[in-house]
Amino acid sequence: MNNNEESKQAILQTLLCIPEGKVCTYGQIATLAGQTGKARYVGFILKNSPNNAALPWHRVINAKGKSAFPDHSQKQQIQFTKLNEEGIEIVNNSISLKKYLWTGN
DNA sequence: GATATGACATGTT
DNA sequence: CAACATGCCATAT
């Protein structure tokens, strides 16, 4: 059974599994959650979730290794700061997927 | 049910 | 490497 409700839960689950010091792309999350192709849905869920929610939204970036938020935006600042605090280095406004991408367990 | 929107991804120029 | 086009998927109107 894969109704929207379960898909949502599966994605939230996967989000909570992203380890500290690692990042993950929207598409990768969808795939790991068994919801291949629903990358956009992942973004939708995060957007609808309160920023205060206990979700590691800051560990989620797009396939280009960049923040999904516009450059210089407040959100991006916060995101980068949080990532830095976890030991993730951000170079030229982008993150090295090669080093920090989480591909599951 | 048709059209528009978005915290995406990928292939082509 | 960057801009553009196309495909995808769940919601909103």
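Here is the naming used below: chain letters follow the sequence lines, and residue numbers restart at 1 for every chain.
We find the CD1-CG distance between A/I11 and A/L32 to be 11.0 Å, quoted to the nearest 0.5 Å. Between atom CD1 of residue A/I18 and atom CG of residue A/L55 there is a gap of 9.5 Å, rounded to the nearest 0.5 Å. Atom CZ of A/F80 sits about 5.5 Å away from atom CD1 of A/I95, to the nearest 0.5 Å. Atom CD1 in A/I90 sits 8.5 Å away from atom CD1 in A/I61 (nearest 0.5 Å).
Cluster annotation: A/F69 is not connected to A/I88 through the hydrophobic network of ILVMFWY side chains, with a link wherever side-chain heavy atoms come within less than 4.5 Å.
Nucleic acid contact for A/K47: base, since at least one base atom lies under 4.0 Å from a heavy atom of the residue. Among the protein residues, A/F69 comes within range of the nucleic acid bases, having at least one heavy atom under 4.0 Å from a base atom.
A donor-acceptor pair is defined here as one N or O able to donate and one able to accept, closer than 3.5 Å; such a pair exists between the side chain of A/N62 and the backbone of A/K64. No donor-acceptor distance shorter than 3.5 angstrom exists from the side chain of A/E20 to the backbone of A/G87, with no hydrogens or angles considered. A/K22 places a side-chain N or O within donor-acceptor distance of the main-chain N or O of A/K99, the cut-off being under 3.5 Å.
Spacing between atom NZ of A/K75 and atom P of B/dA7 amounts to 11 Å, rounded to whole angstrom units. Computed from coordinates, the A/L15 CG to B/dC8 P distance equals 14 Å when rounded to whole Å. Here the P atom of nucleotide B/dC8 and the CH2 atom of A/W57 are 14 Å apart, to the nearest Å. In this structure, A/L55 places its CG atom 13 Å from C1' of B/dA7, rounding to the nearest Å.
Cluster partners of A/V91, using a side-chain heavy-atom cutoff of under 4.5 Å among ILVMFWY residues and allowing indirect links: none.
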Close N/O contacts between protein and nucleotides 9-13 of chain B (under 3.5 Å):
from: B/dA9; atom 1: OP1; to: A/Y26; atom 2: N; distance (Å): 3.4
from: B/dA9; atom 1: OP1; to: A/G27; atom 2: N; distance (Å): 3.0
from: B/dA9; atom 1: OP2; to: A/A63; atom 2: N; distance (Å): 2.7

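Rounded to whole Å, the separation between the P atoms of C/dT6 and B/dA7 comes to 22 Å.
Interface limits on DNA chain C: the 5'-most and 3'-most nucleotides within less than 4.0 Å of chain A heavy atoms are C/dG7 to C/dT11.
Both A/G37 and A/N48 lie near DNA chain C, and the one whose nearest nucleotide falls closer to the 5' end is A/G37.
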